[in-house]
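Written out below as structure tokens is the structure these notes cover.
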Amino acid sequence: MNQAAHGWRSHYTLLLLLFVYTMSFIDRQIMGILMEPIKQEFQVSDTAMGALSGLTFALFYSALAIPFGRFADRTNRRNFVAYCCAAWSAMTAVCGMAVGYWSLALARVGVAVGEAGGGPPSISMIADHYPPQQRGRAMGVYLLGPQLGILLGLTTGGWIAQHYGWRSAFLWMALPGLLAAFLLRFSGVEPRRGHWQSDATRSEPPPVEPIVGMVRDLWSSASFARITLGAILMGFAGYGIGIWTPAYLVRSHGMSLQGAGIVMGLLGGFAAALGSLFSGWLCDRLAKRDIRWRLGVPALGCLLALPLGVAFFLMPAGQSWQVGTFLIPHAIGFYLLFGFTAVWWAAPVYASMSDLIAPHRRASGLAVFNLGLIMFGGGIGPVAIGVLSDVLTPMLGNEALRWSLVASTGLCFAIGTGYFLWAIKPYSLEQPLADQRDR
């Protein structure tokens, strides 16, 4: 179906895409809560687990993201995303059948291949469902996916792993993804490409351009380049923190897997979900007065998150609240505030990118953006934290992971703030041209 956009069916399709993205993040991030039992069973190092959870995934995701994005720019995006969702969900189930480290690594490659076709086409669809002035809020809803994925994946996955083993967690988490794929394929709406452009621009056939030329053109935009570099740093910190914080809570604060999953999933996921919705609303509201707030909100969020994240990782163990049968460290208070502010960059950045990139190359352009975010952020972030933890272990012992997380949080959020601020001026100059393209 190729329907007129921005009605109840647009909202329904946005919720379906949110469901799909949530399952994508559950299948991607469930490794965080399963890190310790997998490491113990396979007897491997933190570096090896970082490679399994980050680099292995990122290499194959990145290799296919741009070709998949280009294909999505010329085909039915709804169907393509649904088929990719079914594929990565099936491979998540295969992860639960792994008999060793390398068989699990191959299964994670399969998850990465499927997920390479999910994000950019979905964001391209949302941009065609909603006008530019409402994209911040729409992206804020879509970007609840990681937070809901953390909330559902870590709490449910941690409970399943605690009672039935890590393999069962993979198997059960695959089932909702297959349901999401079915619902999107048979009830979602594929919007008219370039719906919010002028009729004259929309009537032009989308040009076919070489990949190298497209990438060169995108990176020649100062705003695209600087926003992407800032997002890479956020991805480096975010993926690393998401993967390693459950292990940190187990090692440094003595929490159980189930307790760490509840803290990361239920509490942290809820705080980050509120932050995502709030940042999308704040971005749209402030951008009506001054378009520079599209990037001012991400910079502000990074600036606020920096001291909160460092405080969370530096707060010593030993002081806790008793909540039922669980001991909740006092440090979690800082974690909730950190989770709320640390996500402020995402919805405004994706809204900004959707405005900057022309509709006929939007999925491809967002794939280029995600290439850096996933490859350098999601791929290298968890590995770098694992390597630094191994290096510091002879000196710091069980506290090595704590200091590895402090270093990555401090550096990434400080430099990321600078990149978003640096991108404000070129974005404000390029934005009027993008507005003319999309209206």
Side-chain angles (χ1 to χ4, degrees), residues 23-65 67-68 84-118 149 153-154 157-158 160-162 164-175 177-178 235-236 239-240 242-248 250-251 257 261 371 374-391 393 400-401 404:
M23 296 316 306
S24 162
F25 222 82
I26 287 176
D27 296 345
R28 187 184 311 177
Q29 293 295 104
I30 195 173
M31 283 295 297
I33 196 64
L34 304 180
M35 190 80 78
E36 287 295 290
I38 293 173
K39 177 185 175 181
Q40 291 170 14
E41 179 170 334
F42 294 155
Q43 293 295 298
V44 293
S45 67
D46 280 351
T47 300
M49 290 306 298
L52 179 65
S53 60
L55 190 59
T56 301
F57 180 95
L59 282 173
F60 287 87
Y61 181 103
S62 302
L64 292 169
F68 280 3
C84 287
C85 179
W88 81 60
S89 299
M91 292 308 300
T92 298
V94 174
C95 289
M97 305 174 192
V99 295
Y101 179 86
W102 290 109
S103 60
L104 180 57
L106 288 174
R108 296 302 292 171
V109 167
V111 175
V113 170
E115 292 194 14
L154 295 188
I160 295 172
Q162 185 86 13
Y164 301 103
W166 62 266
R167 286 182 172 82
S168 295
F170 278 122
L171 292 170
W172 280 104
M173 288 297 100
L175 297 178
L178 296 173
F236 187 99
Y239 281 106
I243 287 293
W244 284 109
T245 296
Y248 158 71
V250 170
R251 296 182 196 181
L257 272 181
L371 174 66
I374 299 298
M375 182 64 225
F376 294 100
I380 298 178
V383 177
I385 291 174
V387 169
L388 183 57
S389 176
D390 284 338
V391 169
T393 295
L401 182 57
S404 181

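All values reported here derive from a predicted model rather than from experimental measurement.
- Listed here is the closest heavy atom pair of Val94 and Ala107: CG1-CB, 4.0 Å.
- Listed by chain and number, the residues in a ring-ring contact (aromatic ring centres under 6.0 Å, His included) with Phe68 are Phe80 (sequence neighbours excluded).
- For an aromatic pair to be called close, the ring centres must be under 6.0 Å apart, and Phe42 with Trp166 satisfies this.
- Nearest approach of Ser24 to Trp88, heavy atoms of both residues: CB-CZ2, 3.4 Å.
- A distance-only check finds a donor-acceptor pair linking the side chain of Ser103 to the backbone of Gly100 [under 3.5 Å].
- In this structure, the side chains of Leu34 and Phe170 come closer than 4.5 Å at one or more pairs of heavy atoms.
- Within the 4.5 Å cutoff, the side chain of Cys84 has no heavy atoms near those of the Glu115 side chain.
- Every residue was checked against the side chain to side chain donor-acceptor pair (under 3.5 Å) condition with Tyr61, not counting sequence neighbours, and none meets it.
- The two residues Asp27 and Arg108 have their closest heavy-atom pair at O-NH1, 2.9 Å.
- If you take CG on Leu106 and CZ on Phe60, they are separated by 8.0 Å, rounding to the nearest 0.5 Å.
- Looking at Trp244, its side chain does come within 3.5 Å of a backbone N or O of Pro382 through a donor-acceptor pair.
- Using a cut-off of 4.0 Å between Lys/Arg side-chain N and Asp/Glu carboxylate O, Arg167 and Glu41 are scored as salt-bridged.
- With rounding to the nearest 0.5 Å, the separation of CE in Met23 from CG in Leu178 is 8.5 Å.
- Scored by the side-chain contact (heavy atoms from CB on, under 4.5 Å) test, Ser389 finds Asp46, Arg251, Thr393, Ala400, Leu401, Ser404 as partners (sequence neighbours excluded).
- For the pair Ala48 and Tyr101, the tightest heavy-atom approach, listed with the atom from each and the gap, is O-OH, 2.7 Å.
- In this structure, the side chains of Met91 and Val113 stay at 4.5 Å or more apart for every pair of heavy atoms.
- Annotation: the span from Ser89 atom OG to Leu175 atom CG amounts to 9.0 Å, rounded to 0.5 Å.
- Shown here for Thr92 and Ala174, the closest heavy-atom pair between the two residues is CB-CB, 4.2 Å.
- Met173 CE to Cys95 SG: the interatomic distance, rounded to the nearest 0.5 Å, is 13.0 Å.
- Remark: Phe25 CZ is packed, more than 12 non-hydrogen atoms of other residues, nucleotides or ligands lying under 6.0 Å away.
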